[in-house]
Amino acid sequence: MPTKIYDVVIVGSGAAGGVMAAHLARAGASVAVVEGGPKINTRTDFNTHAMPFEFPNRAIPTIKPGKQGFDSERARGLGGKTQTWNAVAWRLSHRDFKGKSIEGAGADWPIDYPDLAPYYDKIEREVGVCGNYDGLKDLPDGIFLPPVPMKCSDKIVKKGAEKLGLKIIHVRKSTLSKPKDGRPACHFCGNCMAGCDVVAKYNSYDVHMIPALKTGKLELIPDSIVAEVLINTENRVTGVRALNRLTQAETEIRGKAVVVSAACVQSVALLMMSKSKAYPNGLGNSSGHLGKHFIPHFTGGVQVFLHDLIGKPLLPDEGFLDHAYLPSFMHERKRDYARSFGAQFGYQNRRSVGWARQVPGMGADYKKAVKDRMPAVFTFSPYGEKLPDPKTFIDVDWEKKDKYGLPLARRNVNWTDNDMKIFKDMTNWSKEILKSAGGDIFAVGEQPQTNHELGGARMGTDPKTSVLDAYCRSHDVPNLYVVDGSVFSSASEKNPTHTIMALAARTADHIAGRFKKGEL
């Protein structure tokens, strides 16, 4: 029997892969989504409501006992990281897309805000994003469901920030504040980053891929770890070589086009592993820039006890986590560094009580002191934008292999003078805001920590200095695309997933258009 040839083979089923699959299938393309992890039952498989004391080592596993997936970078599950993300959904602004032109630092994207705005609209209509219309220049408004009310702690910090001339806004999340398309509104029942068992929070499996199966054009292929993107002598990719996660048996999945959406670092690593005579340094890497320009977000952290809440009644605070946000405000201020920062805050919940070690005392008095401070714990997490530098890059360790025999991806991170200036400033501003709010600081992060992973296969207009064009298509291989955080030309300080989804929708339109023209 001849091997089936799909129109498009997509590697990965997360934010990019799920959106891409649904949009292409609805456009009439036959699509295979190849996912390294298993099929996930969102409603039953996660430890959404579990508590640390239920487990011997006080660490809550992501998946319930006996369930598979989410145990390594190469074995997650259908829906990818959208199953366990925090769902924060910001649009990038003109300043984010054209930062080099405006500030003279970093890199411009080959697209601008007007190019992506219609696709932000599409995604917001499809998934539901709650938020407020704030009219901020650097944080464009979108199509929103009503915002979720701020917590008491958020309002206290908001007043403290206002004393310093700073604005705190409602967070924007791909989590429903009103029922939509059969999904209920969030009822604040569990930990968002441990799965949402009612799908009030968006995940790509339930919201995009399962409905797209009804088209008859989409096939999901789980438990298949892609080891190589295949290319022929005519410089066209022909599909992927995959290993069965359970048996390690090899198979080939063929397609007229391939989209790599395995998440930033793993996508770059997969392209590096896909070497050939034509591309000895990695597939589509004639520029030598694959793996370069790695620009992960970096975070700080300040924890306080808010005086106004010490000793107040303890109320349930699970679900939704952060309700408010400090948007970037430094772009218009004098400073000695490029770029800016924003801050998420208010994550405190019953799963995280390590702060109790900071409370002095013993016995009954100690227990009372901890109980009194439980409602008052407040975590402030600023996010800074990293600029590209030669010492921060992604590569693979050809000597060290994982259990599937594949080389391990490596993250090489260097903190530049600009990074450290942002880190110091955002930490100082965090402390000042919290002091103004009447907070007693008990912990301050002393070094930046990486967070959202971005860059490594960036978009650009010049094939000599970038890997992809304005439609996330390889400069080198005409039917190869990459869509995830790796394509970012610059990071901004904003959470990236909403932009990844909009890019996926835009790229899907581009691919569908090429099929109609007979180019693929």
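These figures come from a predicted structure and were not determined experimentally.
Screening residues 59-70 for side-chain hydrogen bond (donor to acceptor under 3.5 Å, both in side chains), with sequence neighbours left out, gives D45-K67. Within the structure, no pair that satisfies the ring pair (Phe, Tyr, Trp, His ring centres under 6.0 Å) test touches residues 386-413, not counting sequence neighbours. Sequence neighbours left out, the pairs with a member in residues 245-270 that pass salt bridge (charged side-chain N to carboxylate O under 4.0 Å, His left out) are D7-K256, D223-R245, R241-E250, E252-R254.
Annotation: side chain to side chain donor-acceptor pair (under 3.5 Å) contacts of Y325 (sequence neighbours excluded): none. Remark: E234 pairs with N232 by the side-chain contact (heavy atoms from CB on, under 4.5 Å) rule, at least two apart or across chains. Here K81 pairs with nothing under the salt bridge (charged side-chain N to carboxylate O under 4.0 Å, His left out) rule; sequence neighbours left out. Shown here are the side chain to side chain donor-acceptor pair (under 3.5 Å) partners of S274, two or more places apart in sequence or in another chain: there are none. Considering only residues two or more places apart in sequence or on other chains, S93 meets the side chain to side chain donor-acceptor pair (under 3.5 Å) condition with D96. Partners of E73 under the side-chain contact (heavy atoms from CB on, under 4.5 Å) rule, at least two apart in sequence or in another chain, are R76, Q266, R411. Listed by chain and number, the residues in a side-chain contact (heavy atoms from CB on, under 4.5 Å) with D462 are K464, T465 (sequence neighbours excluded). Every residue two or more places apart in sequence or in another chain that forms a side-chain contact (heavy atoms from CB on, under 4.5 Å) with H49 is listed here: C189, D197. Contacts of K292 classified as side chain to side chain donor-acceptor pair (under 3.5 Å), with partners at least two apart in sequence or in another chain: none.
At a threshold of 4.0 Å, the pair D395-R410 counts as salt-bridged, since one of the basic side-chain nitrogens sits closer than that to a carboxylate oxygen. A salt bridge does not link K494 with D138: every distance from a Lys NZ or Arg NE/NH1/NH2 to an Asp or Glu carboxylate oxygen is 4.0 Å or more. Ion pairing between E493 and R339 fails under the 4.0 Å rule for side-chain N and carboxylate O. Salt-bridge check for R172 with D141: passed, with a basic side-chain N closer than 4.0 Å to an acidic carboxylate O. Note on R95 versus E385: no salt bridge recorded, every NZ/NE/NH1/NH2 to OD/OE distance being 4.0 Å or above.
Within the 4.5 Å cutoff, the side chain of V9 has no heavy atoms near those of the V226 side chain.
Within 6.0 Å of atom CD in E399, 12 or fewer heavy atoms from other residues, nucleotides or ligands are found, so the atom counts as exposed in its surroundings. No more than 12 heavy atoms of other residues, nucleotides or ligands sit less than 6.0 Å from atom NZ of K39.
Taking CD1 of I123 as the reference point, atom OG1 of T497 lies at 11.5 Å (rounded to 0.5 Å). We find the CD1-CD1 distance between I63 and I40 to be 4.5 Å, quoted to the nearest 0.5 Å. Interatomic distance, OG1 of T233 versus NZ of K277, reported as 11.0 Å (0.5 Å rounding).
Checking side-chain atoms of W85 against main-chain N and O of Y202 turns up a donor-acceptor pair under 3.5 Å. Side chain of K201 to main chain of C192: a donor-acceptor pair is present (N/O by atom type, distance under 3.5 Å, no hydrogens or angles). In this structure, E228 contributes its side chain and L230 its backbone to no donor-acceptor pair below 3.5 Å. Put simply, the side chain of H475 gets close to the backbone of G460: a donor and an acceptor are under 3.5 Å apart.
Remark: aromatic rings of F298 and W415 are close, center separation under 6.0 Å.
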Set out, in order, the CA-CA distance, both residues' side-chain angles and the distance that settles side chain to side chain contact (heavy atoms under 4.5 Å, CB included) for V171 and V148, then state yes or no.
CA-CA 8 Å; V171 76; V148 169; 5.9 Å; no
